[in-house]
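In what follows, a single structure is set out as structure tokens and then discussed.
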Amino acid sequence: PSSYVSLLQEFAKKRALAEGKQVHAHVLKTGYEGNGWIGNKLVYMYIKCGSLKDARQVFDKMSQRNAFLWSMVVGAYARARFWEDVLNLLHWMQGEGMRADDIIVPSVLKACAGLTALEQGKEVHGYIVRNGFELDIVVNNALVDMYAKCGRLQYACQVFDKMTEKDVVSWTAIIGGYAQIGDSGEALRLHSEMEFSGVKPDAITWNAMMAGFAQNGQGDEALELLNRMQLSGLKPDVNSWNAIVTGCAQNGYAEKALEAFCQMQLAGVRPN
RNA sequence: CUCGUUGUCGACA
């Protein structure tokens with residue numbers, strides 16, 4: 001087993017799917033498929049190599065699944081934005097008598113956010129309170145984001161205001177939420193408050209604001225933010241520009257999108 | 001480091 005695990009670990013790190021599959025075939029041939037340690041590593045390798053399908057095939061056949069494995073698989077589905085699968089896996093897990101822990105809960109909230117499933121999200125919130133996860137900053141960040149994505153900024157603020165510690169993710173989630181619903185004033189106000197509190201906005205914070213502004217027809221304000229971003233010492237890359245370009249383009253502001261697109265090239269940033 | 005979880009725009013199917 002140690003040999004297989006080392007190989008799988010290495011191929012996972014290298015994203016070497018073909019090699020990983022060869023190891024898998026060898027495992028099947030030598031009858032080690034029932035080994036839980038190897039099974040975990042096979043799932044891990046397939047996830048790292050980007051093959052959820054293969055990961056799932058191994059996962060489904062395993063006889064024992066620990067909390068670590070469940071959260072790894074559910075997290076992979078959340079990352080891939082397969083929201084329904086996240087919830088289906090959660091229900092399967094609970095049916096097997098496993099309790100959702102503080103690691104898996106953020107992935108579930110991410111799925112609720114992706115589905116704009118407010119009622120589901122509220123249920124998870126209740127579960128968080130009942131299980132004493134409310135002091136976990138990652139869980140709280142995911143809660144703020146879920147409420148924000150569901151357009152319920154009042155709920156998002158309730159959670160946000162109660163947080164004893166706020167990091168760049170917390171601030172970005174709430175600011176992005178206001179930007180998304182078109183409340184640019186509140187987004188800007190919170191942005192100032194963020195800097196005042198000593199948390200420095202990173203590229204994602206700026207991108208989230210610019211995207212929200214652009215999507216709500218405030219392309220000029222978004223471009224202004226791009227300038228402020230530069231002044232703060234961050235270099236807008238193609239992703240920052242795309243936040244504006246696609247935000248405008250996908251919401252009926254074609255001419256503004258084109259304008260931003262041209263400005264991007266004048267700034268020396270190549271489109272991707 | 002056997003390193004599973006949260007924020008932006010995408011890419012991958």
Side-chain angles (χ1 to χ4, degrees), chain A residues 1-2 4-10 12-13 15 17 37-38 40-41 43-45 47-53 55 59 65-82 86 100-114 124 128 133 136-149 156 159-160 163 166-180 187 194 199 201-215 222 225 229 234 236-250 260 264 271-272:
Chain A
S2 289
Y4 289 123
V5 166
S6 303
L7 285 173
L8 290 169
Q9 180 64 32
E10 187 58 21
K13 202 162 54 181
R15 313 261 143 105
L17 181 59
W37 191 19
I38 293 176
N40 278 17
K41 277 298 166 192
V43 173
Y44 176 74
M45 180 275 294
I47 287 175
K48 287 290 175 198
C49 291
S51 183
L52 260 186
K53 221 175 159 67
F59 180 81
R65 301 177 192 86
N66 58 25
F68 189 91
L69 186 65
W70 276 106
S71 59
M72 188 163 67
V73 171
V74 170
Y77 275 90
R79 231 168 295 121
R81 304 181 180 209
F82 296 151
V86 169
D101 62 14
D102 53 338
I103 301 292
I104 212 165
V105 156
S107 292
V108 176
L109 286 169
K110 190 185 172 89
C112 296
V124 178
I128 288 165
F133 297 157
D136 187 315
I137 187 169
V138 175
V139 168
N140 278 313
N141 288 347
L143 261 181
V144 170
D145 180 57
M146 182 276 294
Y147 282 129
K149 288 240 166 63
V159 176
F160 183 80
M163 293 174 67
K166 300 174 177 89
D167 62 11
V168 64
V169 175
S170 330
W171 285 102
T172 303
I174 194 82
I175 291 171
Y178 278 108
Q180 287 291 330
M194 173 185 185
V199 180
D202 64 10
I204 296 183
T205 312
W206 290 102
N207 293 354
M209 265 196 297
M210 296 187 296
F213 282 33
Q215 286 160 20
L225 282 175
M229 177 182 178
L234 293 169
D237 62 3
V238 66
N239 296 317
S240 300
W241 283 99
N242 279 349
I244 299 177
V245 173
T246 69
C248 291
Q250 290 171 1
M264 168 172 81
N272 66 0

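By convention in this document, chain letters (A, B, ...) are assigned in the order of the sequence lines, proteins followed by strands, and residues within each chain are numbered from 1.
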Look at the side-chain N and O atoms of [X] and state whether any lies under 4.0 Å from the OP1 or OP2 oxygen of [N].
{"X": "A:Lys110", "N": "B:G7", "result": "yes"}
{"X": "A:Arg79", "N": "B:U5", "result": "yes"}
{"X": "A:Gln215", "N": "B:U8", "result": "no"}
{"X": "A:Tyr44", "N": "B:G4", "result": "yes"}

Checking all strands, does [X] fall into the base, sugar-phosphate, or nothing category for heavy-atom contacts under 4.0 angstrom?
{"X": "A:Lys149", "value": "sugar-phosphate"}
{"X": "A:Val245", "value": "nothing"}
{"X": "A:Ala80", "value": "nothing"}
{"X": "A:Gln250", "value": "sugar-phosphate"}
{"X": "A:Asp101", "value": "base"}
{"X": "A:Asn40", "value": "nothing"}
{"X": "A:Asp145", "value": "sugar-phosphate"}
{"X": "A:Lys41", "value": "base"}

Query raised in the report: Is the side chain of A:Asn239 donor-acceptor paired with the backbone N or O of A:Asn242 at a distance under 3.5 Å, no angle test?
Result: no
**Report entry** A:Arg65 side chain vs A:Phe59 backbone, donor-acceptor pair below 3.5 Å
**Finding:**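 Yes; at least one donor-acceptor contact below 3.5 Å.
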Of the listed nucleotides [options], the one nearest the side chain of [X]:
{"X": "A:Ala211", "options": "B:U2, B:U5, B:C9", "result": "B:C9"}
{"X": "A:Phe82", "options": "B:A13, B:C3, B:U5", "result": "B:A13"}
{"X": "A:Thr172", "options": "B:C9, B:G4, B:G7", "result": "B:G7"}
{"X": "A:Trp37", "options": "B:G7, B:A13, B:U2", "result": "B:U2"}
{"X": "A:Ala173", "options": "B:C9, B:G7, B:U5", "result": "B:G7"}
{"X": "A:Asn207", "options": "B:U5, B:G10, B:U8", "result": "B:U8"}
{"X": "A:Val168", "options": "B:U6, B:U8, B:G7", "result": "B:G7"}
{"X": "A:Asp202", "options": "B:A13, B:C3, B:G7", "result": "B:G7"}

If I take atom [atom1] in residue [X] and atom [atom2] in nucleotide [N], what distance separates them, rounded to the nearest angstrom?
{"X": "A:Ile244", "N": "B:C9", "atom1": "CD1", "atom2": "P", "result": "13 Å"}
{"X": "A:Leu7", "N": "B:U2", "atom1": "CG", "atom2": "P", "result": "16 Å"}
{"X": "A:Glu10", "N": "B:C3", "atom1": "CD", "atom2": "C1'", "result": "15 Å"}
{"X": "A:Ile38", "N": "B:U2", "atom1": "CD1", "atom2": "C1'", "result": "14 Å"}
{"X": "A:Ile103", "N": "B:C3", "atom1": "CD1", "atom2": "P", "result": "14 Å"}
{"X": "A:Tyr77", "N": "B:A13", "atom1": "OH", "atom2": "C1'", "result": "12 Å"}
{"X": "A:Met72", "N": "B:U5", "atom1": "CE", "atom2": "P", "result": "10 Å"}
{"X": "A:Trp206", "N": "B:U8", "atom1": "CH2", "atom2": "P", "result": "17 Å"}

Report task. State, to 0.1 Å, how close A:Met194 and A:Ile175 come at their nearest heavy-atom pair, and which atoms those are. Result ->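 Closest approach of A:Met194 to A:Ile175: SD-CD1, 3.9 Å.
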So, do [X] and [Y] sit near enough that their side-chain heavy atoms are less than 4.5 Å apart?
{"X": "A:Asp237", "Y": "A:Ser240", "result": "yes"}
{"X": "A:Gln180", "Y": "A:Gln215", "result": "yes"}
{"X": "A:Tyr4", "Y": "A:Lys41", "result": "no"}

Report task. Could you tell me whether the side chain of A:Thr205 has a donor or acceptor atom within less than 3.5 Å of a complementary atom in the base of B:G7? Result ->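 Side chain to base: pair found, below 3.5 Å.
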Query - Qualifying residue for side-chain hydrogen bond (donor to acceptor under 3.5 Å, both in side chains) with A:Thr172, from A:Asn207, A:Asn141, A:Asp145, A:Thr205 - result: A:Thr205
